[in-house]
Amino acid sequence: YSASTGSQRLRPQLADIPRNAIRHVGPVIVTNGAIFGVLAMLGHPWLYLLWIASYLTTFSLFLRVRSIAEHACTERSNDPLRHTRTTLAGLIARLTVAPHHVNYHLEHHVLMNVPHYRLRELHNVLRERGAFNASNFAIGYFDVLRSAVGHPRVANGLDGAP
């Protein structure tokens, strides 16, 4: 039984396994083949090893930190102003944890059709309208991690408001 869809999941038939594997793994193989091919054409196929190394080391860490920042320690609610948060991201965080403005996660949940390059503008509009409070806004990723492990929020001089 699937809690997310409310439907019963059926076990795949043995004959379905190869087709499902191709459907799910095929795009990954094609994409990685294209990355390697472009790097090889540019004369730097060894750079592909950086992609593999980062995927096997830091990628999971950054993804976990971002997931914690987006939804951990928030209310269980259907209201996006309560069940997600925005985290301010400096240059290093934008390069590692929050590319493409994903740190504006509350804004993304409020209006999912807004392209990533306009989320900061939406953030400014929501901030002007008082949509943020201490539970749905964080000064940075360390602020969120401190809260997630039970340490009190460090005073940020903004009285909890961005």
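Along the sequence shown, residues carry numbers from 1. Any value given below was found using the heavy atoms of this structure, including those in side chains, with hydrogens, waters and symmetry copies removed. Since the model is a prediction, treat every value here as computed from it, not as a measurement.
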Under 3.5 Å donor-acceptor, N103 side chain and T87 backbone: yes

Over all atoms of both residues, closest heavy-atom pair of A131 and N136: O-ND2, 3.1 Å

Value rounded to 0.5 Å, distance of CZ in F59 from CH2 in W51: 6.5 Å

Heavy-atom pair with the smallest gap, counting every atom of V144 and A138: CG2-CB, 3.2 Å

Side-chain donor/acceptor of R66 to backbone N/O of V97, under 3.5 Å: yes

Throw together a table of side-chain donor-acceptor distances under 3.5 angstrom for residues 22-29, partners on residues two or more places apart or in other chains.
none

Distance (rounded to the nearest 0.5 Å) between N124 CG and Y104 OH: 7.0 Å

hydrophobic_cluster_shared for F62 and L95, side chain cutoff 4.5 Å: no

Stepwise side chain to side chain contact (heavy atoms under 4.5 Å, CB included) check, L145 with V149: CA-CA 6 Å; L145 293 175; V149 296; 5.8 Å; no

Within one Ile-Leu-Val-Met-Phe-Trp-Tyr cluster: V114 and V125, side-chain cutoff 4.5 Å: no

R94 side-chain N/O to P99 backbone N/O, donor-acceptor pair under 3.5 Å: no

Joint hydrophobic cluster, L56 plus L50, side-chain heavy atoms closer than 4.5 Å: yes

Atom pair CG (D143) and CZ (R85), whose distance is rounded to the nearest 0.5 Å: 8.5 Å

Distance in Å, S54 OG paired with L49 CG, rounded so as to fall on 0.5 Å steps: 10.5 Å

C73 to A148 - nearest heavy-atom pair and separation: SG-CA, 3.6 Å

Non-hydrogen side-chain atoms of T86 and E107 separated by less than 4.5 Å: yes

Hphob cluster co-occupancy, L119 + V102, side-chain heavy atoms under 4.5 angstrom: no

Gap separating the CG atom of L122 from the CZ atom of R127, nearest 0.5 angstrom: 11.5 Å

Hydrophobic cluster identity match, L126 and I139, side-chain contacts under 4.5 Å: yes

With sequence neighbours excluded, residues passing ring pair (Phe, Tyr, Trp, His ring centres under 6.0 Å) with H71: H83, H105, H109

Stepwise side chain to side chain contact (heavy atoms under 4.5 Å, CB included) test for L106 and L81: CA-CA 7 Å; L106 181 142; L81 296 175; 3.7 Å; yes

Distance-only side-chain donor-acceptor flag, N32 / Y48, under 3.5 Å: yes

Over 12 non-hydrogen atoms of neighbours within 6.0 angstrom of CG in L42: yes

Enclosure of H116 NE2 (heavy-atom neighbours >12, cutoff 6.0 Å): yes

Steps toward side chain to side chain contact (heavy atoms under 4.5 Å, CB included) verdict (F137, L88): CA-CA 8 Å; F137 181 82; L88 290 186; 3.5 Å; yes

Separation of T96 OG1 from L63 CG (nearest 0.5 Å): 12.0 Å

Check: H123 ring centroid to F132 ring centroid under 6.0 Å: yes

